[in-house]
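Accompanying notes for the structure given below.
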Amino acid sequence: MVAEQRSGRGRPPPPASAAWRPGDPPGGRRFVRVFTDQELALEAGGSLRDLTVAYETWGTLAPARDNAVLVCHALTGDSHAAGPAGDGHPTAGWWDGLIGPGKAVDTDRWFVVSPNVLGGCQGTTGPASTAPDGRPFGSRWPRTTIRDQVAVEAGLADALGIGRWAAVVGGSMGGMRVVEWAAGQPDRIDSAIVLAAGAAASAEQIALQSTQVRAITLDPGFAGGDYYDAPPGAGPHEGLGLARRIGHLTYRTEQEVEERFGRLPQGSEDPLAGGRYQIESYLDHHADKLARRFDANSYIALSEAMSHHDVGRGRGGVARALSRVRARTWVIGIDADRLYPVHLQRRIAALVPTCEDFSTISSPYGHDGFLIETEALAPLFRRALEGVACPCPPVSG
């Protein structure tokens, strides 16, 4: 009874992988191939070539191509930053409250681009993608880093004819890419907006991410990473679900879960008889939900990329790397974020010579505040983007 409850009683078993595949509804995705004529040399060794990038856009690119804004998603995000749910997009855009006509990232003025990241599973080349030999990469997917992700985003910009971004914006893993763009590609961005991220992964973040990875790899259904031909219910969904439970607790706060759930049982279930508390049901729900929209190998690849994040690697350390930043920079932290504490954003703000402002928003939701607190973020985004030089008149579209 309890096992059935925890696996989602009454629902079909989750697929071995919920990666988007060619032939699935594209939704708002567009696709471009990058690194077709040369290999992408990976930071950790090895290379990839002929990569597909899935991306979405909103607004119109100005004739001078100087109004483009890059929006970078977090760990389990994708290119669908704005817009409704529908075919190809099981949920509404993850920043739908911030991106659109008249919103903080005003698509009547800005041409907004949001790509799925390298190593992801929603249309951009990643572990579930077909390798040159016709089989999924699976266990053969190479180690990739935040720096590699930015190199692919730069390839996308080249393919779109965008020589310079008016702004690059992102939170969490997306914020790491903003930091990497600012330090590693200083001549290609005018403005940077960093949310809920640090300049380098901390020991605690590495510990949490590696524990989640371990939860997945210990699942017998993981099969060493080569599980793509497994039938529904036979893939690593238990390990992926456990990783999500661990992660989700770090995204929220003790105060929030205590106020929402306390020690209440789930419905008529009796915890003393093997039933669940409400908090357990909540975590079960999010575990099952992720297993039906994500891929375990991508979760590993992106978690490890976050652990390897260090903007100072090979650049003389964090302080020297951030001293290279030329973009006008806005840094935003969340007061209750226990995964990426405010002192990490404060350090970025202190070391970037062109930092315009450091702000902290108050939220009971902890790290997830960067996704939830759109009303608090909107005026900060407007202020940052109003400070970006854009000689072009507003455009519609």
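Just so it is clear, the model here is predicted, and its values are computed rather than measured. Just so it is clear, the values below take in all heavy atoms, side chains as well, and ignore hydrogens, waters and symmetry mates.
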Working note: T57 + V112, criterion side chain to side chain contact (heavy atoms under 4.5 Å, CB included); need CA distance, chi angles, decisive distance, verdict. CA-CA 5 Å; T57 68; V112 179; over 6 Å; no
For the side chain of S363 and the backbone of Y365, is there at least one donor-acceptor N/O pair under 3.5 Å apart? yes
Test item: L377 and L195 side chains (from C-beta on) under 4.5 Å apart, heavy atoms: yes
NZ/NE/NH1/NH2 to OD/OE distance under 4.0 Å, D158 and R188: yes
Does R65 reach the main-chain N or O of L160 with its side chain, forming a donor-acceptor pair under 3.5 Å? yes
Taken to the nearest 0.5 Å, the spacing of R382 CZ from L98 CG works out to 9.0 Å
Decide yes or no on side chain to side chain contact (heavy atoms under 4.5 Å, CB included) for I146 and H308, but give the supporting numbers first. CA-CA 8 Å; I146 299 295; H308 301 317; over 6 Å; no
Run the side chain to side chain donor-acceptor pair (under 3.5 Å) test on T91 and R293 for me, step by step, so that the C-alpha distance in whole Å, both residues' side-chain angles and the decisive distance to 0.1 Å come before the verdict. CA-CA 10 Å; T91 59; R293 72 171 183 86; over 6 Å; no
Lys/Arg-Asp/Glu bridge criterion (N-O < 4.0 Å) met for R214, D219: no
Atom pair CG (L61) and CD1 (I162), whose distance is rounded to the nearest 0.5 Å: 5.5 Å
R29 and Q122: CA distance, side-chain angles, deciding distance, side chain to side chain donor-acceptor pair (under 3.5 Å) verdict: CA-CA 9 Å; R29 295 175 182 83; Q122 293 300 313; 2.9 Å; yes
Short N-O contact, D284 and R276, less than 4.0 angstrom: yes
If we count only N and O atoms by modelled type, under 3.5 Å, do the side chains of D335 and T360 hold a donor and an acceptor together? no
So do the side chains of V71 and W94 get within less than 4.5 Å of each other, counting heavy atoms only? yes
Donor-acceptor check, side chain of W95 to backbone of F370, threshold 3.5 angstrom: yes or no? yes
Please determine whether a side-chain nitrogen of the Lys or Arg among R143 and E43 lies less than 4.0 Å from a carboxylate oxygen of the Asp or Glu. no
Got a second to check how far S129's OG is from R21's CZ, nearest 0.5 Å? 8.5 Å
Are more than 12 heavy atoms from other residues, nucleotides or ligands located less than 6.0 Å from atom CG of D37? no
To the nearest 0.5 Å, tell me how far H309 NE2 sits from I206 CD1. 10.5 Å
Heavy-atom pair of closest approach, residues A301 and G119: CB-O, 4.4 Å
Would a single hydrophobic cluster contain both M176 and Y299, if residues Ile, Leu, Val, Met, Phe, Trp and Tyr are joined by side-chain heavy-atom contacts under 4.5 Å? yes
I need the minimum non-hydrogen distance between H237 and A291, along with the two atoms involved. CB-CB, 3.9 Å
Side-chain heavy atoms under 4.5 angstrom apart, residues restricted to Ile, Leu, Val, Met, Phe, Trp, Tyr: same cluster for I332 and L339? no
Ignoring hydrogens and geometry, is there a side-chain-to-backbone donor-acceptor pair from N297 to G225 under 3.5 Å? yes
Parallel, tilted or perpendicular: which describes the rings of W141 and F137, with under 30° parallel and over 60° perpendicular? perpendicular
Identify the two heavy atoms, one from P101 and one from T107, that lie closest to each other, and give their separation to 0.1 Å. N-OG1, 2.9 Å
Under the side chain to side chain contact (heavy atoms under 4.5 Å, CB included) criterion, do Q255 and E259 qualify, and how do the steps go? CA-CA 6 Å; Q255 174 188 354; E259 291 178 353; 3.3 Å; yes
D310 side chain near V318 side chain, heavy-atom distance below 4.5 Å: yes
Check the pair W165 / Q185 against side chain to side chain donor-acceptor pair (under 3.5 Å), numbers first and verdict last. CA-CA 10 Å; W165 297 104; Q185 309 264 356; over 6 Å; no
Using 4.0 Å as the upper bound for N to carboxylate O, is an ion pair formed by R315 and E180? yes
Check L40 against D148 and note the closest heavy-atom contact, atom names and distance. CD2-O, 4.4 Å
Side chains of E39 and S47 only: does a donor on one sit below 3.5 Å from an acceptor on the other? yes
So does R383 pair up with D357, basic N to acidic O under 4.0 Å? yes
Is F381 close to V169 at the side-chain level, that is, under 4.5 Å between some pair of heavy atoms? yes
Contact summary for A336 and T253, nearest pair of heavy atoms: O-CG2, 3.6 Å
Can you tell me how far the CZ atom of R244 sits from the CG atom of L240, to the nearest 0.5 Å? 8.5 Å
Linking I/L/V/M/F/W/Y whenever their side-chain heavy atoms sit closer than 4.5 Å, directly or via other members, would V352 and L70 fall into one cluster? yes
Is the closest side-chain donor-acceptor distance between Y340 and Q345 under 3.5 Å? no
Do L344 and W330 share a hydrophobic cluster, counting only Ile, Leu, Val, Met, Phe, Trp and Tyr and linking them when any side-chain heavy atoms are less than 4.5 Å apart? no
Closest contact, heavy atoms only, H73 versus P115: CD2-O, 3.2 Å
Just by distance, do the side chain of D106 and the backbone of G102 share a donor-acceptor pair under 3.5 Å? yes
Checking the side chain of D295 only, and the main-chain atoms of A19 only, is there a donor and an acceptor separated by less than 3.5 Å? no
Are V178 and M306 connected, step by step, through hydrophobic side chains (Ile, Leu, Val, Met, Phe, Trp, Tyr) whose heavy atoms are closer than 4.5 Å? no
Judged by modelled atom types alone, do N116 and S79 share a side-chain donor-acceptor pair under 3.5 Å? no
Is the ring pair H367/Y251 parallel, tilted or perpendicular, if the boundaries are 30 and 60 degrees? tilted
Evaluation steps, side chain to side chain contact (heavy atoms under 4.5 Å, CB included), between I193 and V168: CA-CA 6 Å; I193 306 176; V168 181; over 6 Å; no
Check E256 with R252, please: is the shortest side-chain N to carboxylate O separation under 4.0 Å? yes
Listed by chain and number, what are the salt bridge (Lys or Arg N to Asp or Glu O under 4.0 Å) partners of E56, not counting sequence neighbours? none
Backbone N or O of P25 within a donor-acceptor pair of the D87 side chain at under 3.5 Å? no
Report the distance from atom CG of L249 to atom CD1 of I279, rounding to the nearest 0.5 Å. 6.0 Å
Verify, without hydrogens or angle tests, whether T125 (side chain) and T52 (backbone) share a donor-acceptor contact under 3.5 angstrom. yes
Can you check whether V53's main-chain N or O pairs, donor with acceptor, with T124's side chain at less than 3.5 Å? no
Assess whether a salt bridge exists between D66 and R164, defined as any Lys/Arg side-chain N lying under 4.0 Å from an Asp/Glu carboxylate O. no
Can you label the angle between the Y282 ring and the F261 ring as parallel, tilted or perpendicular, going by 30° and 60°? tilted
Assess the side chains of T36 and D50: does a donor N or O sit below 3.5 Å from an acceptor N or O? no
Check the angle between the aromatic planes of F222 and Y227 and answer parallel, tilted or perpendicular using the 30° and 60° thresholds. tilted
Just wondering, are more than 12 heavy atoms of other shown residues or ligands nearer than 6.0 Å to CZ in R320? no
Any donor-acceptor pair under 3.5 Å linking the side chain of E373 with the backbone of G369? no
